[in-house]
Novice: 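Below is one structure. I have some questions about it.
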There are 2 protein chains.
Amino acid sequence: MGLAKTEIFTDEQNAISAFAKAFSHPARVAILQHLYKTNTCVCGDLVNEIGLAQPTISQHLKELKQLGLIQGTVEGTSVCYCINVENWQSMKNIMFQFLNQDVVENSSCC
Amino acid sequence: MGLAKTEIFTDEQNAISAFAKAFSHPARVAILQHLYKTNTCVCGDLVNEIGLAQPTISQHLKELKQLGLIQGTVEGTSVCYCINVENWQSMKNIMFQFLNQDVVENSSCC
DNA sequence: TTCTATTATCGTAATATTGCAATGTAACAA
DNA sequence: TTGTTACATTGCAATATTACGATAATAGAA
């Protein structure tokens with residue numbers, strides 16, 4: 001069906017998968033890494049940095065923005081994007097809790 | 001196109017997005033959480049635990065196995081799945097490096 | 001105002017994902 | 001051998017994602 005049955009999962013599970021989905025495309029990973037590296041906000045040179053067409057980058061930026069991981073402010077004719085540090089931190093908390101689960105015994109059992 | 005242009009990204013970026021894709025569906029998150037919780041390996045009761053049909057669970061398990069995050073061994077007529085602790089750890093290293101990027105200034109710039 | 005630069009949005013094609021019924025397969029039980 | 005149980009695979013329908021050309025929309029420059 002292509003439609004995930006989110007209603008049968010917990011809010012936490014849906015939150016984890018939503019954040020993970022944001023990172024599930026290398027272009028979005030590259031965008032986030034670039035926004036971090038050039039702390040001073042980057043605008044549309046993401047299009048030059050990454051080898052994708054402008055509408056494609058714009059679409060990826062939109063998804064990241066909707067999740068709250070980045071924010072953008074209009075500056076004249078261009079738009080300045082950067083990491084939303086606060087939301088990034090709370091995303092990290094959720095992801096860390098998931099990734100840091102540890103088995104009682106420190107070995108695989110099969 | 002529905003096809004990610006992986007060739008224009010670094011191996012690291014592709015690795016991050018591949019792992020993230022594994023977590024991008026709540027059913028796979030739930031499977032991994034359950035495998036962790038019941039450290040002693042779980043088999044097909046994942047189908048009962050999670051409310052999806054057996055072929056669907058089997059398919060999600062296959063994806064997780066192909067990524068190396070879980071492993072399964074046949075035990076008579078059933079299959080015992082569990083986390084591959086070693087691979088989980090190296091996945092964590094990669095994801096942590098990505099998630100732990102920190103901006104120089106601890107505030108958003110726009 | 002007109003032109004230009006920058007970004008967003010629309011529309012669409014190609015491909016991927018999700019889910020499940022039906023069916024196959026392999027191990028064990030009777 | 002004949003069931004039965006537990007999974008895996010196949011095939012398909014519904015939906016989502018990715019990518020980009022074409023085209024808006026907006027701000028500033030001339």
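What you see below is based on every heavy atom in this structure, not just the backbone, and it leaves out hydrogens, waters and symmetry mates.
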Novice: Heavy atoms from C-beta onward define the side chain here; which of dA8(C), dT7(C), dT18(D) lies closest to that of Ser78(A)?
Specialist: dT7(C)
Novice: Quick one: side chain to side chain contact (heavy atoms under 4.5 Å, CB included) partners of Ala22(A), sequence neighbours excluded?
Specialist: Leu64(A), Leu67(A), Leu69(A)
Novice: Atom CD of Glu7(B) and atom C1' of dA19(D): how far apart are they, to the nearest Å?
Specialist: 12 Å
Novice: Can you list everything that forms a side chain to side chain donor-acceptor pair (under 3.5 Å) with Thr6(B)? Sequence neighbours excluded, please.
Specialist: none
Novice: Does anything in residues 53-71 of chain B pair up under salt bridge (Lys or Arg N to Asp or Glu O under 4.0 Å), and if so which pairs, sequence neighbours excluded?
Specialist: Arg28(B)-Glu63(B)
Novice: List for me each residue that meets side chain to side chain contact (heavy atoms under 4.5 Å, CB included) alongside Glu49(B), sequence neighbours excluded, and say none if there are none.
Specialist: His34(B)
Novice: With sequence neighbours left out, which residue pairs that include part of residues 16-27 of chain B fulfil the side-chain hydrogen bond (donor to acceptor under 3.5 Å, both in side chains) condition?
Specialist: none
Novice: Could you give all pairs that pass the salt bridge (Lys or Arg N to Asp or Glu O under 4.0 Å) test and reach residues 5-18 of chain A, with sequence neighbours left out?
Specialist: none
Novice: Does Thr56(A) make a side-chain N or O approach to OP1 or OP2 of dT18(D) shorter than 4.0 Å?
Specialist: no
Novice: Once you round it to whole Å, what is the distance between C1' of dT17(D) and NZ of Lys5(B)?
Specialist: 15 Å
Novice: Is it the case that the ring center of Phe19(A) lies less than 6.0 angstrom away from the ring center of Trp88(A)?
Specialist: no
Novice: OP1, OP2 of dC7(D) versus side-chain N and O of Lys62(B): anything below 4.0 Å?
Specialist: no
Novice: Restricting to side chain to side chain contact (heavy atoms under 4.5 Å, CB included), what partner residues turn up for Ser58(B), sequence neighbours left out?
Specialist: Gln54(B)
Novice: Output yes when at least one side-chain N/O atom of His60(B) is less than 4.0 Å from OP1 or OP2 of dG19(C), else no.
Specialist: yes
Novice: Go through residues 15-28 of chain A and report each residue with a non-hydrogen atom lying under 4.0 Å from DNA chain D, sorted by number.
Specialist: Lys21(A), His25(A), Arg28(A)
Novice: For each nucleotide in nucleotides 22-30 of chain D, reading 5' to 3', give B when a protein heavy atom comes within less than 4.0 Å of its base, S when such contact involves only the sugar-phosphate, and - otherwise.
Specialist: B----SS--
Novice: Would you say the side chains of Gln33(B) and Gln13(A) form a donor-acceptor pair under 3.5 Å?
Specialist: yes
Novice: Over how many whole Å does the gap from Ile50(B) atom CD1 to dG19(C) atom C1' extend?
Specialist: 14 Å
Novice: Under 4.0 Å: is that the gap between some side-chain N or O of Tyr81(B) and OP1 or OP2 of dA6(D)?
Specialist: no
Novice: Using a 4.0 Å heavy-atom cut-off across all strands, classify Leu52(A) as base, sugar-phosphate, or nothing.
Specialist: sugar-phosphate
Novice: Measure CD/Gln59(B) against C1'/dA22(C) and give the value in whole Å, please.
Specialist: 15 Å
